[in-house]
2 protein chains.
Amino acid sequence: MSADPIAFRKISKRSQNQKAILEAAEKVFAEAGFAGATTQLIADVAGLPKANVHYYFKTKEELYRRVVYNIFDIWMEAASAFDTELGPREALSRYIDIKMDLARSHPNGSRVWAAEILHGAPIIQDYLEGPLLEWSTDRGKHIERWIANGEMDQIDPAHLLYMIWSTTQHYADFGHQIETLNGSKPLSDEQWQAAKLSVKTIILRGVGLSPD
Amino acid sequence: MSADPIAFRKISKRSQNQKAILEAAEKVFAEAGFAGATTQLIADVAGLPKANVHYYFKTKEELYRRVVYNIFDIWMEAASAFDTELGPREALSRYIDIKMDLARSHPNGSRVWAAEILHGAPIIQDYLEGPLLEWSTDRGKHIERWIANGEMDQIDPAHLLYMIWSTTQHYADFGHQIETLNGSKPLSDEQWQAAKLSVKTIILRGVGLSPD
DNA sequence: ACAATACTTGACCATATAGTCAAAAAATAT
DNA sequence: ATATTTTTTGACTATATGGTCAAGTATTGT
């Protein structure tokens, strides 16, 4: 009939605990940085004794690695939304949308990533030199093709990508500052919509595309 | 005749040491974060024994505060480059230029600031709620006036400011990533010029201004 | 029922580090 | 010259924390 309930429970328990720990870790790393995060606090947030955290993740660094890899995976997944089949207007527009949505739904991931790069990418350097470089050069080529086809303005693709990354991630990484400047209130749904629209409008117009 | 050489030497020694410590601290805080930075390493970088660092700065937190305040001052100084007398094209263009120059000349300051905000601005919160909020609302009003005058496109001033901040600071905060994507070589003078031009072009066109 | 395996957890330890201190050296004032 | 103040510095301490461990408990396989 259905899957073995015992085996299911076993696996479930394991992965449930791991998930709780990883989520707690992401939050704590985001708020305190790698060095400032204590395994004790991660354990508290996850609702487990500290020794249990070390049972699932040998060292704090291993736990941190897992958190960073998770984020990278989510981002690369989102990166596939940059579908070059669609032409520049749709491709950029959708990519910005997804990045903005991620900034809102996954701010801590973005913050951990930002801190990692800030400190020289001690963990993730391989990924920068590998998949990220690959992805960037590939999309860069497509952008250059669009430019050659006269579908958008002449612009260095690298700087366009940096602008999309920085602007969208800013809403996560500097969310606290934005919130403060917003009268110490988180952006409302409407404000998020407005933010997305502003970002898309400026960038698309900025490279010679019509935003609608 | 000239100033008392003894008094001069005395003051000079003090401020020289303090300056060396502050510079070392900025670097170390940028690279390791507040918690990851050790007073020992700061002392080593400054070329002084640790106890001497504590002689000039009572606690690590006080030293960190001083570093963050320094950065804030430099940024507010730069912010005055956003001279609203000039009209939107010149004002925005010059402001972006200055911010890009600061990203290059003072990357560690930018990184410390970024980490501070990332972690919820435990030290600088007052400044966000005070001078920064004031400055932002003031410039926002000017931008709205420009829009009302038909001098630029309709756009939410806040999001325009966020875009300028995020894009320019990205070249400092994510400098390591940019360097990696640039074949692990720092941007050359020409590349920095190109970066500035790209950023200005996209943003100015993006809000309906001609970049030249 | 029994064995074996997986998980839980309080207590513990080794280490790193912020901060102290007292004694000496240097600079300055009288 | 002498007193006074400022600066320097090695040695020390208290504490926080990553990680271990062994004894227990629960779960699963036979």
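Every chain is numbered from 1, with letters handed out A, B, ... down the list of sequences. Computed from a prediction, not measured in an experiment: that's the story for all the values here.
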*Asks:* How many whole angstroms separate atom CG of Leu63(B) from atom P of dA18(C)?
*Replies:*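 Atom CG in Leu63(B) sits about 11 Å away from atom P in dA18(C).
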
*Asks:* With sequence neighbours excluded, tell me which residues meet side chain to side chain contact (heavy atoms under 4.5 Å, CB included) with Gln125(B).
*Replies:*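 Gln125(B): side chain to side chain contact (heavy atoms under 4.5 Å, CB included) contacts with His176(A), Thr180(A), Ala121(B), Leu128(B), Glu129(B).
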
*Asks:* Give me the distances for all protein-to-nucleotides 24-26 of chain D N/O pairs that come in under 3.5 Å?
*Replies:*
none

*Asks:* Taking the side chain as every heavy atom from C-beta outward, state whether Thr167(A) and Lys99(A) have any pair of such atoms under 4.5 Å apart.
*Replies:*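 Not touching, per the 4.5 Å side-chain cut-off.
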
*Asks:* If you look at every strand shown and take non-hydrogen atoms under 4.0 Å, does Ala37(A) touch a base, only sugar-phosphate, or nothing?
*Replies:*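 Sugar-phosphate, no base atom in range.
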
*Asks:* For residues Leu181(A) and Gln177(A), determine if any side-chain heavy atom of one lies less than 4.5 Å from a side-chain heavy atom of the other.
*Replies:*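 Yes, side chains in contact.
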
*Asks:* Are Trp75(A) and Gln169(A) side-chain neighbours, meaning at least one heavy-atom pair lies under 4.5 Å?
*Replies:*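 When only atoms from C-beta onward are counted, Gln169(A) and Trp75(A) do touch, with a gap below 4.5 Å.
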
*Asks:* Check whether any side-chain heavy atom of Pro211(A) sits under 4.5 Å from a side-chain heavy atom of Lys200(A), and report yes or no.
*Replies:*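 Not touching, per the 4.5 Å side-chain cut-off.
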
*Asks:* Who passes side chain to side chain contact (heavy atoms under 4.5 Å, CB included) against Gln191(A), sequence neighbours left out?
*Replies:*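 Gln191(A) satisfies side chain to side chain contact (heavy atoms under 4.5 Å, CB included) with Asn182(A), Leu187(A), Ser188(A) once adjacent residues are dropped.
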
*Asks:* With sequence neighbours excluded, tell me which residues meet ring pair (Phe, Tyr, Trp, His ring centres under 6.0 Å) with Tyr64(B).
*Replies:*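 With sequence neighbours excluded, Tyr64(B) shows a ring pair (Phe, Tyr, Trp, His ring centres under 6.0 Å) to Phe29(B), Phe34(B), given in chain and number order.
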
*Asks:* Can you sort out which residues in residues 18-32 of chain A have a heavy atom within less than 4.0 Å of DNA chain D? Ascending by number, please.
*Replies:*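 Nothing qualifies; none.
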
*Asks:* Run the side chain to side chain contact (heavy atoms under 4.5 Å, CB included) test against Thr84(B) and tell me which residues pass, sequence neighbours left out.
*Replies:*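 For Thr84(B), the residues satisfying side chain to side chain contact (heavy atoms under 4.5 Å, CB included) (neighbours in sequence not counted) are Phe82(B), Arg139(B), His142(B), Trp146(B).
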
*Asks:* Anything under 3.5 Å between a donor and an acceptor, one on a side chain of residues 39-55 of chain A, the other on a protein residue two or more places apart or in another chain? List them.
*Replies:*
residue, atom, partner, partner atom, Å
Gln40(A), NE2, Asp44(A), OD1, 3.1

*Asks:* side-chain hydrogen bond (donor to acceptor under 3.5 Å, both in side chains) with Arg205(B): which residues, sequence neighbours excluded?
*Replies:*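 Testing Arg205(B) for side-chain hydrogen bond (donor to acceptor under 3.5 Å, both in side chains), a comparison that skips the adjacent residues, returns Asp153(A).
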
*Asks:* From Thr201(A) OG1 over to Ile96(A) CD1, what is the distance, rounded to the nearest 0.5 angstrom?
*Replies:*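 Answer rounded to 0.5 Å: 9.0 Å.
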
*Asks:* Salt bridge or not for Arg65(B) and Glu61(B), using N-O below 4.0 Å?
*Replies:*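 Result for this pair is yes, salt bridge flagged.
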
*Asks:* With each end axis built from five pairs of C1' atoms, what bend angle do you get for the helix from dA1(C)-dT30(D) to dT30(C)-dA1(D)? Round to 10°.
*Replies:*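 End-to-end axis angle for the helix from dA1(C)-dT30(D) to dT30(C)-dA1(D): 10°, rounded to 10°.
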
*Asks:* Residues of residues 48-62 of chain A with any non-hydrogen atom less than 4.0 angstrom from an atom of DNA chain D: list those, numerically ordered, please.
*Replies:*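 The stretch gives Lys50(A), Ala51(A), His54(A), Thr59(A), Lys60(A) as the residues lying under 4.0 Å from the strand, ordered by number.
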
*Asks:* Is there side-chain contact between Phe174(A) and Tyr162(B), with at least one heavy-atom pair below 4.5 Å?
*Replies:*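 Counting from C-beta outward, Phe174(A) and Tyr162(B) never come under 4.5 Å.
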
*Asks:* Might you confirm whether atom CD of Glu77(B) has over 12 heavy atoms from other residues, nucleotides or ligands at distances under 6.0 Å?
*Replies:*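 No, because the 6.0 Å sphere around CD of Glu77(B) holds 12 heavy atoms or fewer from other groups.
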
*Asks:* Do any side-chain nitrogens or oxygens of Thr38(B) fall under 4.0 Å of OP1 or OP2 in dT17(C)?
*Replies:*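 It does not, given that no N or O in the side chain of Thr38(B) lies less than 4.0 Å from OP1 or OP2 of dT17(C).
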
*Asks:* If the cut-off is 4.0 Å, is Arg14(B) near the phosphate of dT7(D), judged by side-chain N/O to OP1 or OP2?
*Replies:*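 Yes, Arg14(B) has a side-chain N/O under 4.0 Å of OP1/OP2 on dT7(D).
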
*Asks:* Contacts to DNA chain D from residues 40-47 of chain B, heavy-atom cutoff under 4.0 Å, which residues?
*Replies:*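 Within residues 40-47 of chain B, no residue comes under 4.0 Å of DNA chain D.
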
*Asks:* Return the set of residues passing side-chain hydrogen bond (donor to acceptor under 3.5 Å, both in side chains) with Lys196(B) (not counting sequence neighbours), or none when no residue passes.
*Replies:*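 If we apply the side-chain hydrogen bond (donor to acceptor under 3.5 Å, both in side chains) test to Lys196(B), skipping adjacent residues, the hits are Asp101(B).
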
